[in-house]
Every structure is written in C-alpha cells, then in structure tokens.
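Let me begin by presenting the structure, written as structure tokens, before commenting on it.
In each ligand, atom 1 is the first atom listed, and ligand 1 is the first ligand listed.
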Amino acid sequence: MNKKTVRDIDVKGKRVLVRCDFNVPQDEEGNITDNRRIVSSLPTIKYLIENGAKVILCSHLGRPKGEVKKEFSLAPVAKELSKQLNIEVKLADDIIGESAKKLVSEMKDGEVVLLENVRFDAREEKNDPEFAKQLASLAEIYVNDAFGTSHRAHASTAGVADYLPAVSGFLIEKELDFMGNALENPARPFVAILGGKKVSDKIGVINALLEKVDTLIIGGAMAYTFFKAQGYGVGDSICELDKLDLALELLEKAKQKGVKLMLPVDTKVGKAPEKDTESKIVKCTEIPDGWEGFDIGPETIEIYKKELKDAKTIVWNGPLGLFEIDQFAIGTNEIAKALAESDAVTIIGGGDSAAAIEKAGLSDKMTHISTGGGASLEFLEGKKLPGIECLENK
Ligand code: ADP
Ligand code: 3PG
Ligand code: MG
C-alpha cells in the first residue's frame with residue numbers, strides 16, 4: 001500500500017482521531033449479533049494505546065439521517081470495546097459538543113474515548129467542511145481505519161483529512177493488501193464466484209473481474225437473468241427483464257476474453273421463499289411456471305467444486321442461493337466448504353457472503369473476509385475509495 005500508516009508517524013502524547021466502522025448488526029434489544037467489525041478494529045486501537053496516544057474513536061451506526069435517535073446510539077459498541085480492550089471506553093453524549101470536548105480535554109495518554117454516532121449530525125453525510133473542521137479540532141492526527149465506509153465521502157471518512165495529518169490504520173492496510181494483491185498478482189488459476197440477487201448490483205464487478213480471472217462462476221438469483229436472456233423460461237425466479245441484453249453482452253465478453261463463464265446446470269426451485277415450502281430439483285433450462293429458483297442444484301455443486309479444486313486464487317461475492325432459509329443454503333454451504341478445504345488464497349467480499357460463511361462456521365478457514373460490503377464491491381470494481389484517497393502517500 002502506498003499510503004502512510006500509524007507506523008509512519010509519532011503518536012506519543014498526541015490526540016488521535018480514529019474513524020472506525022462500528023456499524024454492527026444488533027438484535028431488537030440492542031445486543032450486538034456480530035462483533036467482527038469491532039474485533040477487526042482492535043489492532044490499530046491497541047497499537048495507539050501501547051504507543052501512548054490519546055485515542056478518540058468515532059463511527060456511524062445505521063442510518064439515523066441526521067437526527068439523534070436512541071436506537072442508533074454507540075453505547076453497545078462502547079460496552080463491547082471496553083470488554084475487548086479490558087479498559088473503560090467512555091462514550092461522549094455528542095460528537096463535537098460540550099460532552100465530547102470535556103471528555104477529550106480530560107484524557108490521559110493511553111486512554112480511549114468514543115464519540116457518539118457521527119450520523120446524528122446531518123452535516124456528516126454532506127461532508128460539510130465546517131463540521132469536518134470542528135471534528136478535526138478535537139485531535140492532532142487523523143487515522144482512518146473504517147474500510148467498510150471508505151467508499152463514502154463523508155466528513156469523518158474524508159473531509160477531516162483536509163485539516164489534520166491523515167494516515168491509515170492496520171485494518172485498511174490489511175484489506176488493501178489482501179484484496180489488492182489478489183487482483184494485481186493472483187496465483188492462477190484465478191476463479192471468481194459471483195452470486196446474490198441482482199445482475200444490476202454486480203455489473204461493475206463482473207466487468208472488472210472479466211479482465212482478470214480465468215473462470216467466472218455464477219450462482220444466486222442473478223443466474224436466472226442469464227437463462228432468460230438465452231430464451232429459456234425461468235418460472236417465477238428473480239429476473240431482471242431490462243438486463244437481458246446486458247447478460248448476453250457479458251456472455252460475449254467472457255468469450256472474447258477467453259474467460260470460462262460457468263452458469264448453473266440445475267437449480268432447487270420452491271413454491272415460495274418460505275421455510276417449509278415444497279421444493280424440487282430441475283434443470284435450469286426447464287424451470288416450470290409457478291416455481292421459483294432459490295438455490296443451485298446438486299449437479300451444479302459438483303461441477304463448481306471440481307472447478308475450484310485446481311484454483312489458486314478464489315474471490316467470492318454474493319451467496320449462491322436464498323441462504324437465510326436452510327433448505328436453500330446448501331449450495332452456499334457446500335461451496336463455502338470447498339473454499340475452506342482449498343489451498344487457494346480465498347477472499348470473501350460482501351456483507352451477506354460474509355454472514356453466510358459465518359453462519360456456516362467457516363470464517364476462520366478463509367484467507368481473508370472483508371469487513372466491507374459496498375466498499376469491497378467498489379474496491380473489486382477498481383473504483384477509487386474517497387476514505388483512502390484522502391490519506392497521505394508514503
Ligand atoms: P453480498 O451482500 O454478499 O454482496 P448480495 O447483497 O448481492 O450479496 O445478495 C445477497 C442476497 O441475495 C441474500 O439475501 C440472498 O438470500 C439473496 N439470494 C441469493 N440467491 C437467491 C435466490 N436464488 N433467490 C432469492 N434470493 C437470493
Ligand atoms: C456498511 O455497512 O456497508 C457500511 O457501514 C456503510 O454503511 P452505509 O451503507 O449506511 O453508508
Ligand atoms: Mg448484500
């Protein structure tokens with residue numbers, strides 16, 4: 001990575017503002033149901049504590065749309081951080097107000113304060129310069145480690161870098177190292193697996209990956225648009241009728257680039273997206289009316305597994321079926337197992353893909369699971385990420 005990191009600057013005794021992505025899922029009582037984003041932020045926070053910085057953390061949580069809303073408070077995050085770090089992490093009642101200023105002014109070296117949800121102020125998402133300046137005035141150094149929010153040009157992810165020396169944390173460094181390396185110097189064969197709901201969500205990624213991979217495996221609901229485009233009926237499966245030409249173009253592009261583009265051959269169809277719905281396996285070219293494709297079928301699973309056996313680099317984005325329902329999670333789980341058993345470099349991007357692998361209990365078997373949803377997609381597309389662009393070059 002060509003960006004400076006916390007290692008390249010002297011942080012001792014300095015007030016350091018660290019933007020993290022603590023946007024974690026919670027249940028109805030506000031309990032954090034997946035703390036991976038918090039755990040992934042710890043290396044940078046611990047480094048700063050150990051090196052005598054005063055650590056001022058900030059993040060958004062959810063989309064409170066510029067209003068103070070209790071259910072979007074970072075209080076549960078402060079609690080989880082205190083537990084993980086084994087020191088008290090004080091939560092300010094505001095972002096740049098009296099409470100934040102007071103807590104920051106009282107900080108000693110090695111202490112940690114968390115500001116309230118930056119999206120409680122509408123100026124955050126507008127990247128308002130005055131708000132960014134006030135946020136910056138709390139600190140002497142800015143560290144961005146919020147990889148998951150690095151595709152947003154907001155005050156706390158980008159604007160603040162106009163007013164402070166700005167460097168990257170270890171999480172952003174790690175994400176760029178793993179994903180960047182996989183794209184730039186992949187060990188081959190390089191196989192990408194793309195699933196998820198819509199072709200339109202992933203056009204940019206498909207196009208970018210067609211320039212790099214040897215094989216592109218398609219699964220999930222987006223596969224049906226490719227079958228419809230080739231003139232087959234897809235029953236009630238999710239299908240984007242305005243993307244049929246595009247699907248044909250992508251098939252043609254793959255041919256021209258010499259990329260092996262693989263579509264499922266069989267699919268598990270159901271009557272409705274429900275737990276106990278009646279289901280059966282059919283050929284993808286013979287999906288009957290009144291049925292909806294919810295998973296890749298057993299023959300497809302075998303073909304895909306065989307293709308993955310020789311792969312040296314595998315990038316996966318998007319579940320291969322409606323994995324939230326067990327009877328339609330088989331394709332996703334079987335392919336996750338194949339990755340877990342593979343010697344290839346395995347990289348997972350995308351919020352739902354990461355959740356599916358976590359649900360399958362295979363997270364620690366992957367080389368890298370990105371903490372980014374939208375951010376990792378934009379990275380795979382080759383887009384510039386404002387939260388990273390704003391940091392100082394080495
Ligand atoms: P990611 O977050 O990993 O980028 P997406 O958001 O693109 O993935 O897609 C995930 C969603 O797609 C999941 O909610 C999953 O249930 C849904 N999905 C995948 N395949 C199907 C299918 N055949 N029918 C309906 N939904 C599907
Ligand atoms: C995410 O969960 O993808 C990030 O935290 C960004 O959240 P946003 O989509 O609300 O900007
Ligand atoms: Mg998703």
Side-chain angles (χ1 to χ4, degrees), residues 19-26 34 36-38 40-41 59-65 72 77 117-119 124-125 146-154 156-158 193-206 218-227 234-240 264 267-270 272-274 277 279 284 287 291-297 300 315-332 335-336 347-359 369-381 385-387:
R19 176 45 155 113
C20 296
D21 187 336
F22 294 141
N23 184 25
V24 288
Q26 289 167 281
D34 180 355
R36 268 176 303 145
R37 280 181 164 173
I38 295 174
S40 306
S41 305
S59 175
H60 75 287
L61 178 79
R63 294 177 175 171
K65 303 213 165 92
F72 293 104
V77 172
N117 191 338
V118 285
R119 289 191 187 170
E124 159 68 1
E125 290 180 75
F147 179 75
T149 326
S150 60
H151 57 318
R152 308 282 183 220
H154 295 168
S156 71
T157 60
I193 309 169
L194 285 180
K197 227 175 240 171
K198 295 190 198 151
V199 181
S200 53
D201 285 345
K202 309 271 161 102
I203 299 167
V205 187
I206 300 176
I218 305 267
M222 75 153 95
Y224 308 109
T225 300
F226 287 90
F227 283 99
V234 293
D236 295 337
S237 308
I238 291 176
C239 179
E240 291 170 281
T267 181
K268 192 175 210 183
V269 293
E274 289 158 11
T277 191
S279 65
C284 286
I287 301 174
W291 294 79
E292 193 173 345
F294 290 127
D295 198 5
I296 54 174
T300 306
V315 169
W316 183 4
N317 173 280
L320 301 182
L322 185 62
F323 77 98
E324 295 90 342
I325 294 178
D326 286 348
Q327 69 156 327
F328 303 120
I330 296 169
T332 301
I335 296 305
I347 302 208
I348 317 299
D352 292 293
S353 319
I357 284 167
E358 179 77 10
K359 200 176 163 197
I369 301 185
S370 178
T371 53
S376 63
L377 274 183
E378 291 198 17
F379 183 82
L380 292 175
E381 281 175 55
L385 304 173

How far is atom 3 (O) of ligand 2 from its nearest protein heavy atom, and which residue and atom name does that atom have?
R37 NH2, 3.8 Å
More than 12 foreign heavy atoms under 6.0 Å from NZ of K198: is that the case here?
no
Please report which non-hydrogen protein atom sits nearest to atom 7 (O) of ligand 2, along with the residue it belongs to and the distance in Å to one decimal place.
H60 NE2, 3.4 Å
What closest approach, in Å, do V199 and M222 show between heavy atoms, and which atom pair accounts for it?
CG2-O, 3.5 Å
If we number the atoms of ligand 2 from 1 as shown, the ones under 4.0 Å from a heavy atom of N23 are 1 (C), 2 (O), 4 (C), 5 (O), 7 (O)
Considering only the protein, which heavy-atom contact is closest to atom 12 (O) of ligand 1, and what is its distance?
K197 N, 3.5 Å
Ligand 1 and G293, any nitrogen or oxygen pair closer than 3.5 angstrom?
yes
Considering just N/O/S atoms, say which atom of D352 is closest to the Mg ion (ligand 3).
OD2
As an exercise, identify every atom of ligand 1 less than 4.0 angstrom from a heavy atom of N317.
4 (O)
Residue and atom name of the nearest protein heavy atom (relative to atom 8 (P) of ligand 2), distance in Å to one decimal
R63 NH2, 3.5 Å
Quick look: E125 vs ligand 2, heavy-atom contacts under 4.0 Å, and the answer is neither
D352 side, atom CG; N317 side, atom CG - distance, nearest 0.5 Å
9.0 Å
Backbone or side chain, does any N or O of H154 fall under 3.5 Å from an N or O of ligand 2?
no
Mind checking the CD-CG spacing from E124 to N117? Nearest 0.5 Å is all I need.
8.5 Å
Looking only at non-hydrogen atoms, find the nearest pair between E292 and S237 and report the distance.
CG-CA, 3.6 Å
For ligand 2, indicate whether the residue R119 contacts it via side chain, backbone, both or neither (heavy-atom separation under 4.0 Å).
side chain
Are any of the N/O atoms in Y224 less than 3.5 Å from those in ligand 1?
no
Looking only at protein heavy atoms, what sits closest to atom 9 (O) of ligand 1 is G196 CA, 3.3 Å
Do side-chain atoms of R119 reach the backbone of E125 as a donor and acceptor pair under 3.5 angstrom?
no
Closest non-hydrogen atom pair, V118 against H60
CG2-N, 3.7 Å
Closer than 3.5 angstrom, by distance alone: can the side chain of T332 be matched with the main-chain N or O of P319 as a donor-acceptor pair?
no
Among protein heavy atoms, which lies nearest atom 22 (C) of ligand 1, and at what distance?
A221 CB, 3.5 Å
Does any N/O atom on H151 come nearer than 3.5 Å to any N/O atom on ligand 2?
no
Point-to-point distance, once rounded to the nearest 0.5 Å, from OG of S353 to CD1 of I335:
13.0 Å
Could you tell me which atoms of ligand 1, counted from 1 in the order shown, lie closer than 4.0 angstrom to a heavy atom of G318?
3 (O), 8 (O)
Subset of ligand 1 atoms that lie under 4.0 Å from at least one heavy atom of S353:
1 (P), 3 (O)
Give the minimum heavy-atom separation between D295 and T267, together with the two atoms involved.
O-OG1, 2.8 Å
Expected output: side-chain W316 to main-chain G318 donor-acceptor under 3.5 Å
yes
Would you say I238 has any N or O atom under 3.5 Å from an N or O of ligand 1, going by distance alone?
no
Enumerated ligand 2 atoms positioned under 4.0 Å from heavy atoms of R152:
8 (P), 9 (O), 11 (O)
Mind listing the closest non-hydrogen atom pair of L385 and A375 along with its distance?
CD2-O, 4.1 Å
Atoms of ligand 1, numbered as shown, that sit under 4.0 Å from any heavy atom of F294
23 (N), 24 (N)
State, to 0.1 Å, how close F72 and P64 come at their nearest heavy-atom pair, and which atoms those are.
CD1-CB, 3.7 Å
Just jot down the ligand 2 atoms closer than 4.0 angstrom to any heavy atom of D21, in number order.
4 (C), 5 (O)
Pairwise distance CD1(I348) to OG(S370) - rounded to 0.5 angstrom:
10.0 Å
Looking only at heavy atoms of G321, does any of them come nearer than 4.0 Å to an atom of ligand 1?
yes
Donor-acceptor pair, distance only, cut-off 3.5 Å: does the side chain of K202 make one with the backbone of G195?
yes
Does an N or O anywhere in E324 fall below 3.5 Å from an N or O of ligand 1?
yes
Which residue owns the protein heavy atom closest to atom 26 (N) of ligand 1, what's the atom, and how far is it?
L322 CD1, 3.7 Å
What protein heavy atom sits nearest atom 6 (O) of ligand 1, and how far away is it?
D352 OD2, 3.0 Å
Numbered in order shown, the ligand 1 atoms found under 4.0 Å of a heavy atom of P319 are 3 (O), 8 (O), 9 (O), 10 (C), 19 (C)
Atoms of ligand 1 under 4.0 Å from any heavy atom of K202, numbered from 1 in the order shown, are 4 (O), 5 (P), 7 (O), 8 (O)
Could you walk me through whether V24 and I38 pass the side chain to side chain contact (heavy atoms under 4.5 Å, CB included) check?
CA-CA 8 Å; V24 288; I38 295 174; 4.1 Å; yes
